[in-house]
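Reminder, nothing fancy here: chain letters follow the sequence lines and each chain counts from 1.
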Protein chains: 2
Amino acid sequence: MSDLLARLRERGWRMTSQRRVVAEVLDGDHVHLTADEVHARAAQRLPEISRATVYNTLGELVSLGEVMEVSTDGRARRYDPNAHHPHQHLVCSGCGTIRDVHPTGSPLADLPAEERFGFTLSGVEVTYRGLCPACA
Amino acid sequence: MSDLLARLRERGWRMTSQRRVVAEVLDGDHVHLTADEVHARAAQRLPEISRATVYNTLGELVSLGEVMEVSTDGRARRYDPNAHHPHQHLVCSGCGTIRDVHPTGSPLADLPAEERFGFTLSGVEVTYRGLCPACA
DNA sequence: TTCTTGACTTGGATCCTGTCCATCGTAGGA
DNA sequence: TCCTACGATGGACAGGATCCAAGTCAAGAA
């Protein structure tokens with residue numbers, strides 16, 4: 001996933017130090033950070049970066065399809081850099097941590113036409129809920 | 001679902017005019033209102049009702065299992081009075097409206113043990129995303 | 001290299017959702 | 001009818017996210 005910056009440049013993204021830092025923070029590990037956590041990590045390398053810029057950049061990465069937005073608890077949205085490999089989420093109802101899971105079983109049943117109410121479907125999200133070992 | 005009030009009374013719920021109005025608003029139709037929308041509708045009948053009361057009452061209805069909390073977009077949570085019949089949600093990415101759907105296909109594959117990371121599972125949520133006819 | 005310009009960043013105000021708390025009111029049993 | 005514990009009130013508060021006017025700068029043009 002370290003070619004994220006290259007892909008962005010290819011698409012004509014104007015590369016600023018702020019955007020680079022945000023992209024690199026997300027690129028680092030596959031945890032699911034909140035916007036504020038991204039801002040905190042980015043600020044370690046670029047202390048003047050503003051929250052608005054982090055929000056803007058995250059929004060752009062989402063609309064470019066490079067990052068997934070995950071809102072699991074009605075609190076802060078989280079950002080998942082693992083957007084190119086379909087997967088699902090396992091969320092702890094206690095502490096809110098998220099794990100990516102890749103069920104090997106039968107694929108999801110598609111929604112039958114008579115249940116679509118005229119919607120044009122774009123995707124399905126599956127969220128497993130439970131308690132992590134620490135919270136149980 | 002019009003026996004909601006009866007069920008609540010049975011459970012020893014202290015019945016106040018505020019709680020009655022909130023329950024009746026939810027009981028009305030199977031749309032998925034935000035807390036603020038519930039408050040607005042309740043205030044049409046009981047103008048002095050406060051937001052805190054609506055939040056309290058909704059929270060109690062959720063913990064009684066009479067209403068489901070749905071958070072699909074990281075914005076306002078929505079409340080689904082259709083808590084007694086398992087179903088899934090179809091969400092418009094444009095306007096945020098939610099429809100209940102009842103896929104008839106194969107049930108969801110359960111999460112295999114090696115993918116649970118020690119979590120004790122409590123449930124699965126499935127959310128279909130797309131654009132409604134009006135937003136498409 | 002320097003210039004130019006429109007896209008990007010800043011930070012503070014503002015909005016929205018939701019919670020908290022001290023005080024007041026009242027449902028329902030005695 | 002009276003009591004009292006439970007519920008309602010509303011205003012303060014907190015966190016997440018967005019908006020905006022002003023300043024800055026990346027990158028193409030000359």
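With sequence neighbours left out, A/Ala76 forms a side-chain contact (heavy atoms from CB on, under 4.5 Å) with A/Thr34. Checked against side-chain contact (heavy atoms from CB on, under 4.5 Å), B/Ser71 has the following partners two or more places apart in sequence or in another chain: B/Arg77. For A/His32, the side-chain contact (heavy atoms from CB on, under 4.5 Å) partners at least two apart in sequence or on another chain are A/Arg78, A/Asp80, A/His89, A/Ile98, A/Asp100. Looking at residues two or more places apart in sequence or on another chain, you find a side-chain contact (heavy atoms from CB on, under 4.5 Å) between B/Thr97 and B/Cys92, B/Cys95.
Although no hydrogens or angles enter the test, the distance criterion places no donor-acceptor pair under 3.5 Å between the side chain of B/His102 and the main chain of A/Glu115. A donor-acceptor distance shorter than 3.5 angstrom exists from the side chain of A/Arg19 to the backbone of A/Arg14, with no hydrogens or angles considered.
One finds the CD1 atom of B/Ile49 at 6.0 Å from the NE2 atom of B/His39 (value rounded to the nearest 0.5 Å).
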Fill in the blank from the handout: In B/S/- notation (B base, S sugar-phosphate only, - none; protein heavy atoms under 4.0 Å), nucleotides 17-30 of chain D written 5' to 3' is BBB-----BBS---
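For DNA chain C, the outermost nucleotides in 5' to 3' order that have an atom under 4.0 Å from a heavy atom of chain A are C/dG6 to C/dG11.
Using a cut-off of 4.0 Å between Lys/Arg side-chain N and Asp/Glu carboxylate O, B/Glu66 and B/Arg11 are scored as salt-bridged.
Residue A/Leu58 contributes atom CG, which lies 14 Å from atom P of D/dG16 at whole-angstrom precision.
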